[in-house]
Amino acid sequence: QAQLVESGGGLVQAGGSLRLSCAASGGTFSGWSMGWFRQAPGKEREFVATINWNTGGTYYADSVKGRFTVSRDNDKNTVHLQMNSLEPGDTAVYFCAARRGLYSSIGRLYDYWGQGTQVTVSS
């Protein structure tokens with residue numbers, strides 16, 4: 001099975017930036033899509049962003065449009081989530097996910113998940 005490992009989380013002040021990474025291994029990801037999801041304390045998991053592995057096409061949740069950018073490095077089987085202008089509402093555990101086929105904002109359609117990395121944004 002594919003293995004996904006997130007990194008780059010941490011504590012940052014509001015208005016600051018963080019860059020998350022997701023290293024994927026154990027499979028060939030051409031034709032796959034990668035997603036970022038997050039889950040805040042007491043909240044349901046929500047979609048953040050997704051990227052098509054082959055084309056680089058992206059889609060974002062309205063809450064992060066203009067602030068977050070998802071990208072990928074095909075040679076390294078790694079995807080990134082650049083988070084700018086962070087707000088306290090962005091505080092959550094961020095998860096990387098992967099699925100075969102077209103990108104999707106629906107978490108249950110993803111086949112593989114990382115362990116998550118904590119992002120905390122202070123006021």
Side-chain angles (χ1 to χ4, degrees):
Q1 294 184 338
Q3 301 290 324
L4 307 176
V5 180
E6 303 96 333
S7 62
L11 175 64
V12 65
Q13 292 184 341
S17 298
L18 285 173
R19 189 181 191 228
L20 306 183
S21 297
C22 173
S25 62
T28 301
F29 296 95
S30 295
W32 290 44
S33 295
M34 308 295 292
W36 286 97
F37 296 79
R38 66 188 184 186
Q39 187 166 21
K43 303 293 185 180
E44 296 181 346
R45 182 180 63 195
E46 66 173 334
F47 167 74
V48 175
T50 186
I51 185 168
N52 181 279
W53 197 271
N54 285 12
T55 69
T58 59
Y59 179 75
Y60 298 91
D62 288 342
S63 60
V64 305
K65 285 180 180 178
R67 300 189 298 120
F68 291 10
T69 302
V70 63
S71 61
R72 91 276 195 233
D73 184 336
N74 286 346
D75 291 338
K76 297 181 178 180
N77 282 348
T78 301
V79 296
H80 304 282
L81 185 68
Q82 178 67 45
M83 305 184 295
N84 298 325
S85 301
L86 283 163
E87 305 168 353
D90 297 316
T91 296
V93 177
Y94 283 70
F95 297 91
C96 178
R99 71 180 301 268
R100 296 177 177 88
L102 299 177
Y103 60 56
S104 175
S105 63
I106 303 173
R108 66 177 180 271
L109 297 182
Y110 286 79
D111 302 301
Y112 304 101
W113 293 81
Q115 83 289 349
T117 185
Q118 177 70 48
V119 172
T120 302
V121 184
S122 62
S123 300

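Here the structure is a predicted model, which is why all the values come from computation and not from measurement.
Of the candidates W36, Y94, Y59, Y59 is the only one forming a ring-ring contact (aromatic ring centres under 6.0 Å, His included) with F47. Just one residue in the list N77, V79, N54 forms a side chain to side chain contact (heavy atoms under 4.5 Å, CB included) with F29, and that residue is N77.
Residue-environment remark: CG (L102) stays at or below the threshold of 12 foreign heavy atoms within 6.0 Å. Counting heavy atoms of neighbouring residues, nucleotides and ligands inside a 6.0 Å radius, atom NZ of K43 does not exceed 12 of them.
Annotation: the span from S123 atom OG to Q13 atom CD amounts to 10.0 Å, rounded to 0.5 Å. N74 CG to S30 OG: the interatomic distance, rounded to the nearest 0.5 Å, is 7.0 Å. Taking CD of Q118 as the reference point, atom CD of E6 lies at 12.0 Å (rounded to 0.5 Å). The line from OG of S25 to NZ of K76 is 15.0 Å long, rounded to the nearest 0.5 Å. Interatomic distance, CZ of R100 versus OG1 of T28, reported as 10.0 Å (0.5 Å rounding).
Pairs engaging residues 82-93 under the side chain to side chain donor-acceptor pair (under 3.5 Å) rule: S17-N84, R38-D90, R67-D90, Q82-N84 [sequence neighbours left out]. The side chain to side chain donor-acceptor pair (under 3.5 Å) analysis of residues 101-111, with sequence neighbours excluded, yields the pairs T50-Y110.
No side-chain donor-acceptor contact under 3.5 Å links H80 and S71.
Connection of V93 to M83 is not established within any shared hydrophobic cluster, with ILVMFWY side chains joined at heavy-atom distances below 4.5 Å, either directly or through further cluster members. In the hydrophobic clustering of ILVMFWY residues, with side-chain heavy atoms under 4.5 Å counting as a link, V70 and Y112 come out together.
At a threshold of 4.5 Å between non-hydrogen side-chain atoms, the residues L86 and F68 count as touching. Between L4 and M34, the closest side-chain pair of non-hydrogen atoms falls below 4.5 Å. You'll find the side chain of Q115 reaches within 4.5 Å of the side chain of V5, heavy atoms only.
Outside the 6.0 Å centre-distance limit, the rings of F95 and F37 are not counted as a close aromatic pair.
Taking the ring axis of W113 as reference, the NZ or CZ atom of R45 stays within 45° of it and closer than 6.0 Å to the ring centre.
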### Message
Between V12 and T120, does the side-chain contact (heavy atoms from CB on, under 4.5 Å) criterion hold? Intermediate values first, please.
### Response
CA-CA 6 Å; V12 65; T120 302; over 6 Å; no

### Message
side-chain contact (heavy atoms from CB on, under 4.5 Å), that's the test. Do V48 and Y60 meet it? Break it down for me.
### Response
CA-CA 6 Å; V48 175; Y60 298 91; over 6 Å; no

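A distance-only check finds no donor-acceptor pair linking the side chain of T117 to the backbone of S7 [under 3.5 Å].
Across A40 and A92, no two heavy atoms sit closer than the pair N-CB, 3.7 Å. Considering all non-hydrogen atoms of both residues, S122 and L11 come closest at CB-CD1, 4.4 Å.
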